[in-house]
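One structure below.
These numbers come from the heavy atoms of this one structure, side chains and all, not from hydrogens, waters or symmetry mates. Everything numeric here is computed off the predicted structure, so don't read it as measured data.
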Amino acid sequence: MDHPFPHSSLNRIGSSRSKASGRNSIDGSDSSGAIANLGNLAFSVEGSRLSASTRQRYGSRGARSDGFASQKEISDEDARLIYINNPEKTNKKFEFTGNSIRTAKYSILTFLPRNLFEQFHRVAYIYFLVIAILNQLPQLAVFGRAASILPLAFVLLVTAIKDAYEDWRRHRSDRIENNRMATVMLNGHFQSKKWKNIQVGEIIKVCANETLPCDMVLLSTSDPTGVAYVQTINLDGESNLKTRYAKQETLSRMPEKEGIEGLIKCEHPNRNIYGFMANMDIDGKRFSLGPSNIILRGCEIKNTAWAVGVAVYTGQETKVMLNNSGAPSKRSRLETHMNREIVLLSLFLIVLCTIVSTCAGIWLRRHRNELDFMPYYRRKDFSQEKEENYNYYGFVMEIFFTFLMSVIVFQIMIPISLYISMELVRLGQAYFMIQDTWLFDEASNSKFQCRALNINEDLGQIKYIFSDKTGTLTENKMEFQCASIQGVDYNGKKASLGEPDDHPVIVERQVLRPKMKVKTNPELLQVVRSGKKSKEGKHAYDYFLALAACNTIVPIIVETQESGLRLIDYQGESPDEQALVYAAAAYGFVLIERTSGHIIIDVWGDRQRFDVLGLHEFDSDRKRMSVIVGCPDKSVKVFVKGADSSMFSVVDKSLNSDVIRATETHLHDYSSLGLRTLVVGMRELSSLEFEEWQSAYEKANNSLMGRASLLRAVAVNVESNLSILGVSAIEDKLQQGVPEAIESLRQAGIKVWVLTGDKQETAISIGYSCKLLTSDMTQIIINSNSKESCRKSLEDAKTMVKKITALSASALRIPVALIIDGTSLVYILETELENKLFELATACSVVLCCRVAPLQKAGIVALIKNRTDDMTLAIGDGANDVSMIQMADVGIGISGQEGRQAVMASDFAMGQFRFLVPLLLVHGHWNYQRMGYMILYNFYRNAIFVLVLFWYVLYTAFSLTTAINEWSSVLYSVIYTSVPTIVVGVLDKDLGRRTLLKYPQLYGAGHRQECYNSKLFWLTMVDTVWQSAVIFYIPYLAYRHGTVDGSSMGDLWTLAVVILVNIHLAMDVIRWTWLTHAAIWGSIVATFVCVIIIDAIPQLTGYWAIFHLASSGLFWANLLAILVTAMVPRFLVKVFNQHVRPGDVQIAREAEKFGNSTGYSALDVEMNTISEPPQER
Amino acid sequence: MMDMEVRSTSGAGGGTPPVPVNLRRSKAYYRFTQQNLPACKPVLTPGWVISIFLLTGVIFMPIGLIALHASQSVVEIVYRYDTECIPESFRSNKVAYIKDSSISKNCNQTLKVQKHMKAPIHIYYQLDNYYQNHRRYVKSRSDRQLLHGLNYNATSSCQPEELNNELPIVPCGLIAWSMFNDTYTFSRETAELKVNRKNIAWKSDREHKFGKDVYPFNFQNGTLVGGGKLNPRVPLNEQEDLIVWMRTAALPSFRKLYGRIEVDLEADEFIAVKFVNNYNSYSFGGEKKLVLSTSSWLGGKNDFLGVAYIAVGCCCIFISLLFTLLHVKNPRHESESSPQDSEIQMTTR
C-alpha cells in the first residue's frame, strides 16, 4: 500500500510553474495567469506581493510576467553576502545554517511534550482531558483514577506510537541524506565531504547523474558554453531536462588552478522555486544572476560531465526544504454536518445533567431534615470529637457538584471514539481505493493515490465537476496532424507512417533516428523532397526549418541495443514543441545538436549549422516566441511561432493577402476539428536591422533593472512585419473512455463543466467529441469585451433560457449549453454580474469556459461553491489547475505528462479521467453510505449507553451511582462495541459495483443525503430512547422487589446493551462476509469474556455476580425479552419503509439479488463501453 | 434469503479490467482488496418479514405462558410490620421509640397462610424507600479490608465510618455500620418453626470475598449506632447476615434473604411471628416488610415478565397478519422485478 502521507523531504513541493509558460502553448492564455498562479501558491512567503495585485480580479490581464528578479536592486540589508570559495568570511558575520537537514519533527527529549501538544489540538481530546481532570477532584470522583484516564491515555498512546514510528523513519532518511558525500573544494583541491558539513560559500563540483547537495550558483560546466542540463523530477516531478547556464564571466575560470574570488549578493532564502535574484562581483565586474543561473538541491545533473558552483543556500534554507509543507487540509461535508449533530448531543447532555441536578436538589430539599442520620447519606461525621458535615458542601454546592458529576458519568454522550473510528474507517477505505484494479492505470503503471484522508465520503456527494481539458480529457500526447503552408492545406487524411530509412541521418557512421515516428503526408513529403527548386518546396523548406529551429528542445542521443543505430530523444518543456520537432524530423529536418550558441539540423542528409544569435522566450503577453538565426548562407533570419491571435497582428498583411485569407480558413478548419494550431512566421533581417537588434538585445540582456521588460520590448520590435509561413495543427488525443465517462456522470446527476485555456473552436470541438455537447443542444455563446456588453449578453441569455424552458416544459427538456470565454469572465467574476452568471450557468446543463486563466478557473469553482451547498470537484493535471483543485471541495490530480504540481495540490490522484466513474459512482457511493451509517450508529451506540445510565440514576436518589461497573463503562466504547462498527464501516457494501456502474442514477442517494440527514438523526435518537428504556425497564420491572444486587443488575445491563447494539448493527449490515461475522459475534463473546474476567476479581464489589446471574433462568428470559422488544419498532419501520416506499438503492438491491441472469449479461455489454473503451474514439 | 455471492476474480464480470500480474498473488487477498469477498446478502422479502414476526410471536407466547404460570405458582406472604410493631403511644413519634433503647422492641404478630407453601420457604426482609444504591453509601466500604482485615489500612473510602477513637473499624464503612438487625422467630401453634439461617449468602462471597481470619474490631463503638452488632469472635466469612447485607441492592426497594423454613406450610395455617424491631427505618421514611415466599425457576412472584412476553408475542403475530394483508392487497413481486423495471422507477422519481 502506498503510504498515504508521503514524508520524504523532496516530494511535497507546492511547485507552481505553469505548464504553458514553458511550452509555448498554442494560444497562450493557458499560461497568462501562470505567474499569478505562482503567487497564489507561494503566497505565504513572498508571492504575496505579486498575488496581491492579481488576486483582485481573476482576469487574464492582471497577470504580469515580468521577471521580477531583475526589477530591483537588492539592498545590503536585504541581501545575503557570499564570498566565493571563502566560507570562513561568508559565515563570519552571520552564521548561515549548515547543510544538514531535518525533516523529523521530534527528538527524544521533545517528543513527549510536543506530540502531546499537537494531539491536544483536537477539541475532543481537550473535552476528555477536562473531564478526566474533573474526575480527579475528590468531591467529583465518579470513576477510579485509572478508569477515568485509561481511554484518553489509550488513544493518546496509539497516536503517539504511530507518530513516533513515522518520525523514526524520517530520522533514518535524514541521517542517510546528511551523510551522503559531495566533492567540495578545500584548500584549492576538490575533496569529498559529507553533505551535512557543506557550508555556504564553498565551491562544489557535481558530476553527471549526481544529486545536488544544496542550492548553488553555477560557475562553470563541462560544456564550453556553460550549459548544464538538470532534471527536476524531485522538485516538481517534471522528467524533462531543463537548461541552466553559467555566466560567461565565470566560465573560463578553473577554480582548481587559479582560484576564484568574488562576492555574490543574493536575496534571503525563500520558497519560490522559479525565482532567484542576485548580483555577482568578480574582478570588479558586476553582473546579475537570475533563476537560470542557479541549480537547486534535489535536482540531478544530466548530460553534463560536471558542473561547478558555489553554495548559496544550504540545509533548511534550500528552496526544496522551504517548500516542504503539506497541502491545506479540507474537512468533509459529512463531518461538518456531524459536528452540528454533536452540538445537539452536547445540548442533550446538558439537558440530562440539568434534570439530574434539579431532581437531586429537590430530593435534598425534601429530605433536608433527615440527611444527618440517614444511613445511606449520613451527612454528619461522628468519628471526630466534634461533629462535622462529612463530604457535604451546602445545598447549592451539592447541586453544582451533582451537575459536574453527571457530566462525568454521561461523558460518552459525545462520541469521542467516533473520531478515531472515522480515521480508521477512512484509512481502510483509502486502502481499498488504492488497491482497486479499476483505478489502476496500466499505461503509466500508477495506482490511485489518496493524499487527503479526511474527505473520502465527499466523493459520494459530488454535484459539479470542473475539468481541465488538456491532459485531463485528452492525453496530452501531441501529434502533428496537418500543415498549411503558404495557403496550401496538407491535411493528415492521407497520412501514413513513413519508412524509417527513408532519409537516414548518418553521423560518425551511426544511423540516427528520431525516437517517435510521425505520420507524414506523402504529398507534402514529395514537395519537401523536391528541395528548394519549386516555389512550394521553398516554402516548405522555410516552414520546417522554422519548426526545427524555433524551439527550446534539446536532442539527446540514446544508444540502442542495435549496433549502428541511435535514437534521438527530443527533450523539452513543452509537448507541443516536441511534436513539432518530431514532425520536422519526419519531413527530413532532423535537429541533431543544440548548444547555447548553435544548432545543427540535418536537412535530407545535409548537415547544416545555424548560429543561434538570440532567443526570445515565450511569454504570456506576446503569446509567441522567436529565434534569431544566422544561416549557413550568412543571412540572418528571425523565426517566430505563436498563437494565431498574436501572430496575425504582427504579420505583414500587405505581402500576400490571399495566403493570409487561406491560412485563416485553414486555421478555422483545424481548430474546429479540435486541433491545436500554431502560426509560424519568418522575416529576413537586413544587416542594419540585425545590428540594431543585437545592440538592443545585448543591452537588455546585461541590464540590471527591468531586464525582462526590456527584452520584451526588443522582441516586440523584431517580431514585426513577418511573412507568414504556415500553420501547424497538432492533435491532442482524447483519453480512453472519456465520452462514456461523461455520459455516466451526467446520468448520475453530476454536472460536468470544462474549463480550458484553449480556443473556443477547439474547446467546442473537443466538447462534441467527448459527448459533452450534443447536436440537440442549444448553445449560448458569450464573447464580450466590456462589462456592459457582458451584462447585456447575460440578460439576453437568461431570457433565452427562460423561453426554452417554457417551450420545453411540456415536451422533453431541451438542454442548453453555455460557452463563455475568459475575456468575458474578466468582466463578470468578482463583480455584481457574478450572480447573473451563476443563475444562467446553473440553468444550463453544460458549461464550457474557454481561454480561462488559472485564477479564473478557481473563480468559477468559487462561483458555485460559495452560492450553493452542492459539492464541487475539480480535476486537472497541470500547474494551471492547482488553484482550482485547491478551491474545490474535492481536488483530483491526474498524474500524467505534465509534472506533479496538480497531484501535489490534490486530495486524490489517479491516472485517467475515466477513473472518475468508478471513483465517484462506486467508491464515493460506498464511502458515503458507510460513513453516514457509521456516524449515526456511533451516536446511537453511545447515547443508548448514556441513557441506560440515566434511567438508573433516577432510581438512586439522583446520586449518580452506576450499576454498570466502571471498567465496563470504560471498555464499552473501546473493546465491547468498537470493532464491528469499524469493520462494517470499511467492508459493508449496499450495492455491488456492477449495479452501481450500470445505474448511475443510484449516485443520487448521495445528492439527496439519504444516508445522513437531520431526519435520520432524530429518528435514530427516538429509537435510542426507546431501546434504552426497554433495556432499563424490563429488568427493572422484572427484578423489582427482588433480591438482586447492584453488580448483577449492572452486568445484565452491560450485556444487554452490548448485545443489542451489535444486533442492531447486524440488522443493518447488508453484505455479510466472514470478517463481519467475526467482528460482530466476536465482540459479543469478547464482552462476555471481559465481564467474566472483571467479575472474577475478589477485590471488586461485583465478585462472581455474573455466574450467579447466568445460572438463573430469569436472566436469560430478560435478555431475550429486551433484545426482541427493543428491536421490534426499528425492524418494523425498516421493513415497512422497504415495502411501501422503497428507495432507489433498495430497488437496485433487490434487482441485484433476484434479477435474472439475462439482465446481467445485457449489463455487461453496456459496461464494457465504460471499462474497456473502444479503439477509436 | 441467503445466497452466496461468489464472483470469479477476472473476466467473468465482463467489466473487470485485466489483473496486473504482480497483483495476482493470492486469490483470496485479491478478492479482499477488490472488496469482493464471498458474502451473503440477506434481503428482507415480505415472506421473510411475515415469517420472522410470526415465528417470534409463536416462540414468545408459550414462553410468556410458562413464565406467567411459574409466577402464579409462587405463594407469597408479605407483611408490613414497621407500623404495626409500634405501640399506640409512640405512633406519633416513631423515631423516639426506636431510639429509646430502654423500651423493649419485641412485637408479636400472626400471619395466615393462604395457600399451601412447599418447602423450602424463603424468609426475606423487604426494605422500601431505602437507597442502598446511593452513591455515598455504595462507595463507603473496603472490599480489601473485608478480605485482609487489619492488615489492610488504606480504607479512606470507608469514611465517615473509617476510624473510631483513632482506631480502625473492621468492617468499616457505612454499609456495614448500617447493618439490618431486626430478627424474626416463627412458631406454628405451639411448636417453634425452625429457621435455617445458614447458606443464605453467596458461596463465592463466603469463600473468597470475606476473610476467614478477619474478625470484627472496634465495630459499632461510636456515639451513633447505625444497626446490627457483630460477634467479634466469629470471622467475617461466617457472618452471613453481614455478607448478605453487603451485597448492596440494585433498587431502592429490595429484599434480602433472612433464612429458610424447611417444612411445608399448609393452607389456612396461622403462624406466630415474634419480631424484634430494632432497625431504624423511621427517621427517613423507610418501610420494613417480612416476606415468606416459595420459589420457582423464575425466582419470586412477578407476573411482569410473563405478561411482557405474551404482549410482545401478540404484537408480533398481529404485525405479521398486518403485513400479510398488506402484501396480499398490494403485492410487490421482488423475484420478478427485473432491473429494467427498477430503472424506470428510478428515472421517474
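Contact count versus chain B (heavy atoms, under 4.5 Å) is highest, among A:Trp1104, A:Phe1136, A:Tyr1103, for A:Tyr1103. Comparing A:Phe1131, A:Phe1115, A:Phe1107 by heavy-atom pairs within less than 4.5 Å of chain B, the highest count is held by A:Phe1131. Contacts with chain A were tallied for B:Ser253, B:Gly64, B:Ser178, B:Ser140; B:Ser253 has the most, counting heavy-atom pairs under 4.5 Å. Interface check for chain A: of the options B:Tyr309, B:Phe60, B:Trp297, B:Tyr124, the most heavy-atom pairs under 4.5 Å are formed by B:Tyr309. Between chain B and the residues A:Ile1034, A:Asn1118, A:Leu371, A:Val1128, the largest count of heavy-atom pairs under 4.5 Å involves A:Ile1034. Looking only at heavy-atom pairs under 4.5 Å with chain B, the residue among A:Ala963, A:Gly1042, A:Gly1113 that has the most is A:Gly1042. Interface check for chain A: of the options B:Ile63, B:Thr56, B:Leu257, B:Leu326, the most heavy-atom pairs under 4.5 Å are formed by B:Leu326. The candidate with the highest count of non-hydrogen atom pairs below 4.5 Å against chain A, out of B:Leu251, B:Val312, B:Asp205, is B:Leu251. Between chain A and the options B:Gly222, B:Ser71, B:Pro252, B:Ala70, the largest number of non-hydrogen pairs under 4.5 Å is found for B:Pro252. The candidate from B:Lys203, B:Lys256, B:Gln159 with the greatest count of non-hydrogen atom pairs under 4.5 Å with chain A is B:Gln159. Annotation: maximal heavy-atom pairing with chain B below 4.5 Å, among A:His1077, A:Met1049, A:Gln1099, occurs at A:Gln1099.
Proximity to chain A involves both the backbone and the side chain of B:Tyr130, based on heavy atoms less than 4.5 angstrom apart. For a residue to count as touching a neighbouring chain, one of its non-hydrogen atoms must lie under 4.5 Å from one of that chain's; by this rule A:Thr956 touches chain B with backbone and side chain alike. For A:Leu960, the parts sitting under 4.5 Å from any heavy atom of chain B are the backbone and the side chain alike. Contact of A:Ser1048 with chain B is made through the side chain alone, with heavy-atom distances under 4.5 Å. Using a 4.5 Å cut-off between heavy atoms, B:Lys139 contacts chain A through its side chain alone, with no backbone atom that close. With a 4.5 angstrom heavy-atom cutoff, B:Gln35 touches chain A via backbone and side-chain atoms both.
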Side chain to side chain contact (heavy atoms under 4.5 Å, CB included) evaluation trace for B:Tyr29 with A:Gln435 | CA-CA 11 Å; B:Tyr29 176 72; A:Gln435 292 293 324; 4.2 Å; yes
Please step through side chain to side chain contact (heavy atoms under 4.5 Å, CB included) for the pair A:Lys1134 and B:Leu44, ending with a clear verdict.
-> CA-CA 10 Å; A:Lys1134 188 182 161 103; B:Leu44 291 166; 4.1 Å; yes
Step-by-step side chain to side chain contact (heavy atoms under 4.5 Å, CB included) determination, B:Leu224 to A:Arg378 = CA-CA 11 Å; B:Leu224 189 72; A:Arg378 257 292 291 280; 4.1 Å; yes
Walk me through it: do B:Tyr131 and A:Thr961 pass the test side chain to side chain contact (heavy atoms under 4.5 Å, CB included)?
-> CA-CA 11 Å; B:Tyr131 286 91; A:Thr961 318; over 6 Å; no
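Closest of all the heavy-atom pairs between A:Pro1098 and B:Lys209 is O-NZ, 3.2 Å. Annotation for A:Pro375 and B:Trp177: closest pair CA-CZ3, 3.9 Å, computed over non-hydrogen atoms.
Expressed to the nearest 0.5 Å, how far CD of B:Gln126 lies from NE2 of A:His1041 amounts to 6.0 Å. To the nearest 0.5 Å, atoms CG (B:Leu37) and OG1 (A:Thr1076) are separated by 8.5 Å. The line from CE of A:Met374 to CZ of B:Phe284 is 7.0 Å long, rounded to the nearest 0.5 Å. If you take CD1 on B:Ile319 and CG on A:Leu1132, they are separated by 4.5 Å, rounding to the nearest 0.5 Å. Rounded to the nearest 0.5 Å, atoms CG (B:Asn36) and CZ (A:Arg993) are 7.0 Å apart. In this structure, NZ on B:Lys41 lies 10.0 Å from CZ on A:Arg1149, to the nearest 0.5 angstrom.
Ring geometry for B:His134 versus A:Tyr376: interplanar angle of 30 to 60°, hence tilted. Ring planes of A:His1108 and B:Trp202: parallel class, angle under 30° (limits at 30 and 60°).
The interface of residues 299-308 of chain B with chain A, defined by heavy-atom distances below 4.5 Å, comprises B:Asn302, B:Phe304, B:Leu305.
Between A:Phe432 and B:Phe32, the distance from one ring center to the other falls under 6.0 angstrom.
Residue pairs meeting the salt bridge (charged side-chain N to carboxylate O under 4.0 Å, His left out) criterion with at least one member in residues 1033-1050 of chain A, sequence neighbours excluded: A:Asp1045-B:Arg247.
With contacts defined as side-chain heavy-atom distances shorter than 4.5 Å, the pair B:Arg136/A:Ser959 does not qualify.
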